[in-house]
Amino acid sequence: PRKEKRGKIKEKKSKEEKKEKRKKNKKKSDEEETPQKTQKRKSKEGEENNNNKKAKKEDKKEETENKWKWWEEEKKEDGVKWTQLEHRGPYFAPLYEPLPDDVQFYYDGKPLKLSLATEEIATFYAKMLDHEYTTKEIFQNNFFNDWRKEMTSKEQKIIKDLDKCDFREIHKYFVDKSEARKALSKEEKQKLKEESDKIQEEYGYCILDGHREKIGNFKTEPPGLFRGRGDHPKMGMLKKRIMPEDVVINCSKDSKIPEPPEGHKWKEVRFDNTVTWLASWTENIQNTLKYIMLNPSSKLKGEKDWQKYEVARRLKDVVHKIRAQYRADWKSKEMKKRQRAVALYFIDKLALRAGNEKEEGETADTVGCCSLRVEHIKLHPNLDGQEHVVEFDFLGKDSIRYYNKVSVEKMVFKNLQLFMKNKNPADDLFDRLNTSILNRHLQSLMDGLSAKVFRTYNASITLQEQLKALTNSEDNVAGKLLSYNRANRAVAILCNHQRSTPKTFEKSMQNLQIKIDAKKQQVEEAQQELKKAEDEFEDTKDAKAEANVEKKKKLLKRLEEQLAKLNVQATDKEENKQIALGTSKLNYLDPRISIAWCKKFGVPIEKIYNKTQREKFAWAIDMADEDFEF
DNA sequence: CCTGAGACTTGGAAGAATTTTG
DNA sequence: CAAAATTCTTCCAAGTCTCAGG
């Protein structure tokens, strides 16, 4: 309680202090708004109903006024995460609604009425019918196995072959249903939205140390079929419905303890203030825990995030020493040390993940640095004019392929040859190393250092360097944003953050090209018209003609700018085809670097961070000025 | 040291909402 | 204004890493 008080007082005080600052900021950002935008807003004003607008405005006000600036408070003692935690417990997935009687399941061509539980599981499969998953044998087998377990003995006797099961009518029912939902009237949609807002309002927040904080995932996961990524041995297995009896609640002793749904009990209620989760349950596929935790905008998550970047910044001070040491260790007499040094080199240079061991047969076969196998690399003494080239080809996290050809130092190359000698393709490359050995070593080099810190550090430092190299202060905002995206992209490539090419990519690229061509045409026409106007002015020398010249000049300039913008867009799009920027932006790049860049070059923060991102990075937005250096 | 449990971060895809376009 | 395109949000799987206990 004492702590809480102190926090509150501090908050109040700081609020007053910041009021001035905020005012200034607001003015500034208002001014910075483009005229276009203001105009749009104005034109909207007329149509939109006043009530709505007012409500929105108040909403916005509240947002800025009530924010908890936890980063201005003193830290809690080690290991204690909160002193007060109150919430409503998870929101449970809706119960199964039976199919209407005219929607039937067919076995061997004949309609078959299923028991409720069996029918529910059948709908899981039916819903996925046009997904590639259902064509895979493992998926089908796992599903059928688990499905049969839940059948009545009578059903078990009849349903013996998945190929004889016809789910198409059920499938169609759900397709139609989702179409119908899309086609609802505005009012009906509004009503649905209000209902979900109400649930969000009730279950989506908790009270943490006197502050209302948003929860990240307040709903239990609905039952369904497990979809792993890549070649997952468990794909298609039945994910069971979570019941209150499965759920452990965590909250503070003196808080209002959440009520389980009527007729039910919690598995357990505990009061553990050394952890950050509000509720947990064990998931039946991998037998691991799942948690309900806070939203990234919360203090608990934000503080940790901030701390992560501070650790990475400390690495910056010692990284030269560490690099010198692992280079020296390449020549160590101890095999163990050599392997450690080469692995660390990969982690540092290529931003590979640590690579924990995984239980065989339980998950897809993926690897990281320490778990690389001989079959994952090829050594080329010479390749495409480069020496000592290592060709990596393996599946990493989420079964995303890592493919890279890297020219490495001679000593690394020699070591790799040594590590691979007399081994089978399926043998571990670093047979004397694992993540715990590596991390123990790293911890001894710097407090808080582990393998993943290198990824954070290299990502952030790369962004900072790239921004420095690419940004041209003469550019307009669009040009600067292209530079930002390119810097971001360099990081995403480093971290191997890939996405599948969007389905609409080719088409939208074509459309853009058409637009560019049309704009070029316009520019040419405008040039001709300007010429004509100039000639006319030459002849007549009258004021009207002069004004006309000015007008045409302006038009041309505007068109040229628009063309440039389109070209920038096209470049950006093409370069981004298979790169996913989101993960690095959200998890690896110290937000203060981006914010400092925005401030320095007069780019509004909203251009690089959307609302959610600004909420997550509120701490950074508040504390970073344009001089921030990572 | 090794092992497994536990807690927490990181990841792309899919679905929903919003904006742009024709 | 509807359809298409784009952006944002949700979903939940899959990593990392620490710690307790043998």
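Because the structure is predicted, anything quoted here is derived from the model rather than measured.
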Between A:S280 and A:H131, which has a closest nucleotide on DNA chain B that is more 5'?
-> A:S280
Which sits closer to the 5' end of DNA chain B, A:N434 or A:K182, going by the nucleotide each is nearest to?
-> A:N434
Is A:N217 touching bases, backbone alone, or none of the nucleic acid, heavy atoms closer than 4.0 Å?
-> nothing
If you look at every strand shown and take non-hydrogen atoms under 4.0 Å, does A:S436 touch a base, only sugar-phosphate, or nothing?
-> nothing
Using the closest heavy atom to pick a nucleotide of DNA chain C for each, name whichever of A:K219 or A:D398 lands nearer the 5' end.
-> A:K219
Is A:Y588 near enough to B:dG11 that one of its side-chain N or O atoms lies under 4.0 angstrom from OP1 or OP2?
-> yes
Quick one: label A:I285 by what it contacts on the DNA or RNA (base, sugar-phosphate, nothing), any heavy atom closer than 4.0 Å.
-> nothing
Does A:T288 put a side-chain nitrogen or oxygen below 4.0 Å from OP1 or OP2 of B:dA5?
-> no
For C:dC8, take OP1 and OP2 only and decide whether either is under 4.0 Å from a side-chain N or O of A:N610.
-> yes
Could you tell me whether A:K193 contacts a base, only the sugar-phosphate backbone, or nothing, with contacts defined as non-hydrogen atoms closer than 4.0 Å?
-> nothing
For atom CD of A:E97, is the number of surrounding heavy atoms from other residues, nucleotides or ligands below 6.0 Å larger than 12?
-> no
Under 4.0 angstrom, heavy atoms only, what part of the nucleic acid is A:G355 near: base, sugar-phosphate, or nothing?
-> sugar-phosphate
Output the single nucleotide from B:dC8, B:dA13, C:dA5 whose closest atom is nearest the side chain of A:V275.
-> B:dC8
Whole angstrom is fine here: how far is it from CD1 in A:I514 over to P in C:dA4?
-> 15 Å
A:K573 side-chain proximity, nearest of C:dT6, B:dC1, C:dC12 | C:dT6
Nucleotide nearest A:W277 (side chain, heavy atoms from C-beta), chosen from B:dC8, C:dA5, B:dG11 | B:dC8
Taking only the side-chain heavy atoms of A:S450 (C-beta and beyond), determine which of B:dT10, C:dC12, C:dT18 contains the nearest atom.
-> C:dT18
Residue-phosphate contact under 4.0 Å: A:R440 side-chain N/O, B:dC1 OP1/OP2 = yes
Between A:N356 and C:dG15, does any side-chain N or O lie under 4.0 Å from OP1 or OP2?
-> no
From B:dA7, C:dA4, C:dT18, pick the nucleotide closest to the side chain of A:L289?
-> B:dA7
Considering just the side-chain nitrogens and oxygens of A:N439, establish if one lies under 4.0 Å of OP1 or OP2 belonging to C:dT16.
-> no
Below 4.0 angstrom, N of the basic side chain to O of the carboxylate: do A:E195 and A:K198 qualify?
-> no
B:dG12 phosphate, OP1 or OP2: any side-chain N/O from A:K397 under 4.0 angstrom?
-> no
Reckon A:T366 touches a base, only the sugar-phosphate, or nothing at all at heavy-atom distances under 4.0 Å?
-> sugar-phosphate
Salt bridge present between A:R432 and A:E334 (N-O < 4.0 angstrom) = no
Any idea which of C:dT16, C:dA13, B:dC8 is nearest the A:K304 side chain?
-> B:dC8
Considering just the side-chain nitrogens and oxygens of A:H232, establish if one lies under 4.0 Å of OP1 or OP2 belonging to C:dA13.
-> no
Tell me what A:Y291 touches on the nucleic acid: a base, only sugar-phosphate, or nothing, going by heavy atoms under 4.0 Å.
-> base
Quick check, are the ring centers of A:F394 and A:Y402 under 6.0 angstrom apart?
-> yes
At under 4.0 Å between heavy atoms, what does A:K189 touch on the DNA or RNA strands: base, sugar-phosphate, or nothing?
-> nothing
Please report, rounded to the nearest Å, how far the P atom of B:dA5 is from the CD atom of A:E283.
-> 13 Å
Salt bridge present between A:E575 and A:R486 (N-O < 4.0 angstrom) = yes
Side chain of A:A354: nearest nucleotide among C:dT16, B:dG11, B:dC8?
-> C:dT16
Pick base, sugar-phosphate or nothing for A:K452, based on heavy-atom distances below 4.0 Å to the nucleic acid.
-> sugar-phosphate
What residue among A:R229, A:K358, A:R373 forms salt bridge (Lys or Arg N to Asp or Glu O under 4.0 Å) with A:D365?
-> A:R373
A:Q286 side-chain N/O to C:dA14 phosphate OP1/OP2 under 4.0 Å = yes
In plain terms, say whether A:K573 and A:E506 are close enough for a salt bridge, that is, a side-chain N and a carboxylate O under 4.0 Å apart.
-> no
Looking across every strand, which nucleic acid part, if any, lies under 4.0 Å from A:A364 by heavy atom: base, sugar-phosphate, or nothing?
-> nothing
Report yes if a side-chain nitrogen or oxygen of A:K611 is closer than 4.0 Å to either non-bridging phosphate oxygen (OP1 or OP2) of C:dC8; otherwise report no.
-> no
Within this structure, what is the CZ-to-P distance between A:F218 and C:dT9, rounded to whole angstrom?
-> 14 Å
Pairwise 5' ranking along DNA chain C for A:E221 and A:S399, keeping only the more 5' one | A:E221
Does B:dC8 have OP1 or OP2 sitting under 4.0 Å from an N or O in the side chain of A:K81?
-> yes
A:R455 vs B:dG11: side-chain N/O to OP1/OP2 distance below 4.0 Å = yes
dist A:M235:CE -> A:L225:CG (nearest 0.5 Å) comes out at 12.0 Å
Using 4.0 Å as the upper bound for N to carboxylate O, is an ion pair formed by A:K193 and A:D197?
-> yes
According to a strict under-4.0 Å criterion, is A:K308 in side-chain N/O contact with OP1 or OP2 of B:dC8?
-> no
Could you check whether A:K234 gets within reach of a base, just the sugar-phosphate, or nothing at all, counting any heavy atom under 4.0 Å?
-> nothing
Nearest to the side chain of A:S500, which nucleotide is it out of C:dC17, B:dA13, C:dG15?
-> B:dA13
A:A451 has its side chain closest, among C:dC17, C:dC12, B:dG11, to C:dC17
Out of C:dA5, B:dG12, B:dT10, minimum distance to the side chain of A:T583 belongs to B:dG12
How would you label the contact of A:R229 with the nucleic acid (heavy atoms, under 4.0 Å): base, sugar-phosphate, or nothing?
-> base
Which is true for A:P296 with a 4.0 Å heavy-atom rule: it touches a base, it touches only sugar-phosphate, or it touches nothing?
-> nothing
